[in-house]
Amino acid sequence: MRKFLGEEFYTLYRASLEMLLKIIPVIWGALAFLSGMIQMEWAEEIIIFQVVGLMMRSLIIGAIQGWLGTFIFVTLVFVLMKVLNVPTDIINGQIIKNLTAPRPRGKGHFSRTDCLFNMIGTCVLIFVFCFFPQIIASYHVVDGKLKILEPLLNLTVFAKYQPFFFIVYSLGFIYYGCRFLIGRMTGKLLLFCVIYKGLSCLLFCTMILSPSIFNEAFFTTLFSFQSVDWLADDYFVSRILAGIAVIGFIIDFFEGISEFYRQR
């Protein structure tokens, strides 16, 4: 492959492949796992074995598919570019090399692994809450299969929040993607962090302080206590959770400022 592409093209090919193979297989395996969880038929007597089997099978097969797909796609792209004599200067090789080079371990540098898992986490949140919120529910077994008993969320009310949820956590995905690419806290990235974290905190507090968004029957069936008691407890618990969210935002804000000034 080195002889066919030439030294310069081969260097870009290898760097691009190395970068994408760190990301795509993980995302592909996570999506395969979620898809398997949704489509799975749960039997009462083999629930644990099915879950373990699903985790191993979906993650491994999904990761292998992502690895092979990425390898074949990148290889075909570079072979096609070589055949068509595409000039290498249209690709910013320095950026690709910087992304694949080991990052300094000193303070002020973001971990690529941490950024990657946060990107995957935001994708999972969007996937579940925006497309399949009904799977967050209490379950019971009927005819040997696990069925949804009561969803956690009042889906009619939650539908009003879904566009905002999608927008906020899409910003989160972009934010962690920028952290992955840039590697250091900058002034613009700090502003982006404050906007994303602030909107995320505001959305969470708005949702948690709106009792109508939760399906009361979920708590009644899951914990077997009276609805009146749940409403009374919810008044205090929701405010405690909202307070924790605000404190978390303040901590994130000052951590962002600290990361920014450590690099000056």
Side-chain angles (χ1 to χ4, degrees), residues 30 34 37 110-111 114-139 148-180 185 187-261:
L34 289 173
M37 287 287 290
F110 300 128
S111 164
D114 178 68
C115 295
L116 179 59
F117 276 100
N118 276 288
M119 291 168 68
I120 295 173
T122 54
C123 286
V124 171
L125 287 174
I126 291 172
F127 182 80
V128 173
F129 282 93
C130 292
F131 300 102
F132 298 98
Q134 66 274 13
I135 68 173
I136 307 174
S138 58
Y139 292 81
I148 292 177
L149 183 62
E150 291 290 346
L152 169 64
L153 301 170
N154 185 335
L155 300 181
T156 304
V157 177
F158 182 66
K160 301 175 183 178
Y161 291 90
Q162 282 179 313
F164 302 102
F165 197 96
F166 181 83
I167 292 171
V168 170
Y169 284 95
S170 293
L171 287 176
F173 179 84
I174 296 171
Y175 166 67
Y176 287 110
C178 291
R179 284 171 60 116
F180 183 90
M185 181 63 77
K188 292 180 180 179
L189 194 58
L190 175 61
L191 178 61
F192 198 169
C193 173
V194 173
I195 292 173
Y196 161 59
K197 297 286 186 177
L199 289 175
S200 178
C201 177
L202 178 62
L203 178 63
F204 177 81
C205 292
T206 303
M207 290 173 56
I208 203 70
L209 293 175
S210 175
S212 61
I213 200 174
F214 297 104
N215 178 19
E216 187 177 331
F218 168 85
F219 299 94
T220 304
T221 56
L222 189 62
F223 300 111
S224 301
F225 52 70
Q226 299 298 318
S227 59
V228 176
D229 295 332
W230 177 78
L231 290 174
D233 293 337
D234 175 69
Y235 179 85
F236 298 102
V237 173
S238 61
R239 279 150 183 78
I240 291 173
L241 292 175
I244 293 173
V246 173
I247 293 172
F249 166 69
I250 294 173
I251 293 173
D252 286 335
F253 174 72
F254 283 106
E255 281 185 349
I257 293 177
S258 176
E259 289 173 345
F260 176 72
Y261 279 103

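Small disclaimer: the values here were computed from a predicted structure and weren't measured.
Taking each heavy atom of Phe131 and Ile126 in turn, the nearest pair found is CD1-O, 3.6 Å. Minimum interatomic distance between Thr122 and Gly172 (heavy atoms only, all atoms of both residues): CG2-C, 4.2 Å.
Remark: Asn118 pairs with Asp114 by the side chain to side chain donor-acceptor pair (under 3.5 Å) rule, at least two apart or across chains. When the side chain to side chain donor-acceptor pair (under 3.5 Å) test is applied to Ser212, the partners found at least two apart in sequence or on another chain are Ser210.
Interatomic distance, CZ of Phe158 versus CG of Asn215, reported as 13.5 Å (0.5 Å rounding). Interatomic distance, Cys178 SG to Leu171 CG, rounded to the nearest 0.5 Å: 10.0 Å. For the atom pair Gln134 CD and Leu152 CG, the distance stands at 12.0 Å (nearest 0.5 Å). Rounding to the nearest 0.5 angstrom, the gap separating the SG atom in Cys205 from the CD1 atom in Ile244 is 10.5 Å. Thr156 OG1 to Ile213 CD1: the interatomic distance, rounded to the nearest 0.5 Å, is 11.5 Å. Rounding to the nearest 0.5 angstrom, the gap separating the CG atom in Leu153 from the CZ atom in Phe214 is 6.5 Å.
Under the 4.5 Å side-chain criterion, counting only non-hydrogen atoms from C-beta, Ile247 is in contact with Ile251.
For the ring pair (Phe, Tyr, Trp, His ring centres under 6.0 Å) with Phe165, the qualifying choice from Phe204, Phe127, Phe129 is Phe129, the only one to do so.
The environment of CZ in Phe166 is sparse: at most 12 heavy-atom neighbours from other residues, nucleotides or ligands sit within 6.0 Å.
Checking side-chain atoms of Thr206 against main-chain N and O of Leu202 turns up a donor-acceptor pair under 3.5 Å.
The side-chain hydrogen bond (donor to acceptor under 3.5 Å, both in side chains) contacts involving residues 160-176 comprise Tyr169-Ser200, Tyr175-Arg179, Tyr176-Lys197, where partners must be two or more places apart or lie in separate chains.
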Side chain to side chain contact (heavy atoms under 4.5 Å, CB included) between Phe192 and Ile174, intermediate numbers included: CA-CA 9 Å; Phe192 198 169; Ile174 296 171; 3.7 Å; yes

